[in-house]
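So the structure is just underneath, and the comments pick up after that.
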Amino acid sequence: MANELTFIMIKPDGVQRGLVGDIISRFEKKGFFLKAMKMVQVERSFAEKHYSDLSTKPFFGALVEYIISGPVVAMVWQGKGVVATGRKIIGATNPAQSEPGTIRGDFCIEVSRNVIHGSDAVGSAQKEIALWFPDGIVDWHSSAHPWIYE
Ligand code: RTP
């Protein structure tokens, strides 16, 4: 499905370290389409909602503090297999295990400062997009691009 969507968030460390342009460029060069983007510093309750599946984890409190510590860049990307391929572009959760060439493999060291979030399934992408972009997104490109898709 060329119109699959995923939610990608550049976390506060990625913003503060000036990695926004490089990260966007990696997704663009792959052939994915940027469908929505905003910079926002979220409230604690919003971060808790985004990460509600992890609320019982011992690192939940620190994770929420990290996400609210500065502005994040929230984005929606579109393309065939963008959820799974986006996770590959991002790399393993713990940068110690992320391959070089992935975003986390190239840019970070600690799991608690791992620069970027990407939805882990089509269903969670739909939920996260609805949470972060409740007013919807601009449908500027919904058909397959002939120089990217056969
Ligand atoms: P994300 O949701 O941010 O894309 O990360 P993920 O799916 O790769 O990993 P997940 O298990 O959902 O964890 C969410 C985020 O929590 C932080 N974390 N800290 N201190 C720790 O042991 C620990 N483990 C996870 C990371 O920022 C991770 O991305």
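The structure presented is a predicted model; accordingly, all values stated were derived computationally and were not measured. One-based numbering, in listed order, for ligands and for the atoms of each.
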Among all protein non-hydrogen atoms, which one is nearest to [atom], and what is the separation to 0.1 Å?
atom	value
atom 26 (C) of ligand 1	Val111 O, 3.2 Å
atom 12 (O) of ligand 1	Leu54 CD1, 3.6 Å
atom 6 (P) of ligand 1	Thr93 OG1, 3.4 Å
atom 28 (C) of ligand 1	Asn114 ND2, 3.6 Å

If hydrophobic clusters are built from ILVMFWY residues whose side chains come within less than 4.5 Å, do Met39 and Leu34 share one?
yes
Flag yes if Tyr51 and Phe46 sit in one hydrophobic cluster, no otherwise; membership is Ile, Leu, Val, Met, Phe, Trp, Tyr, and two members link when side-chain heavy atoms are under 4.5 Å apart.
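Yes, same cluster.
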Determine whether the side chain, the backbone, both or neither of Arg104 has a heavy atom under 4.0 Å from any heavy atom of ligand 1.
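For Arg104, only side-chain atoms sit under 4.0 Å from ligand 1.
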Quick one: does ligand 1 sit under 4.0 Å from the side chain of Lys57, the backbone, both or neither, non-hydrogen atoms only?
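It is neither; nothing of Lys57 touches ligand 1.
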Please set out all donor-acceptor pairs under 3.5 angstrom arising from side-chain atoms of residues 107-118, sequence neighbours excluded.
{"unit_1": "Asn114", "atom_1": "OD1", "unit_2": "Lys11", "atom_2": "NZ", "d": "2.8"}
{"unit_1": "Asn114", "atom_1": "ND2", "unit_2": "Thr93", "atom_2": "O", "d": "3.1"}
{"unit_1": "His117", "atom_1": "NE2", "unit_2": "Glu128", "atom_2": "OE1", "d": "3.0"}

For Ser112, state whether at least one heavy atom is located under 4.0 Å from any atom of ligand 1.
no
Give a yes/no verdict on a cation-pi contact between Lys38 and Phe133, requiring under 6.0 Å between NZ or CZ and the six-membered ring centre and an angle within 45° of the axis.
yes
Is any N or O atom of [X], backbone or side chain, closer than 3.5 Å to an N or O atom of ligand 1?
X	value
Leu63	no
Phe59	no
Tyr51	yes

Only heavy atoms of Gly118, strictly under 4.0 Å: list the atoms of ligand 1 that pass.
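Ligand 1 atoms under the 4.0 Å threshold to Gly118: 4 (O).
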Stepwise side-chain contact (heavy atoms from CB on, under 4.5 Å) check, Thr102 with Glu99
CA-CA 6 Å; Thr102 65; Glu99 294 295 329; 4.2 Å; yes
Check each of Phe27, Phe32, Phe33 against Trp77 using the ring-ring contact (aromatic ring centres under 6.0 Å, His included) test, and report the only one that passes.
Phe27
For atom 7 (O) of ligand 1, tell me which residue out of His117, Met9, Glu128, Arg87 has the closest non-hydrogen atom.
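Nearest heavy atom to atom 7 (O) of ligand 1 lies in Arg87.
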Locate the shortest heavy-atom distance separating Leu5 from Ile137; write the atom from each residue and the value.
CD1-CD1, 4.2 Å
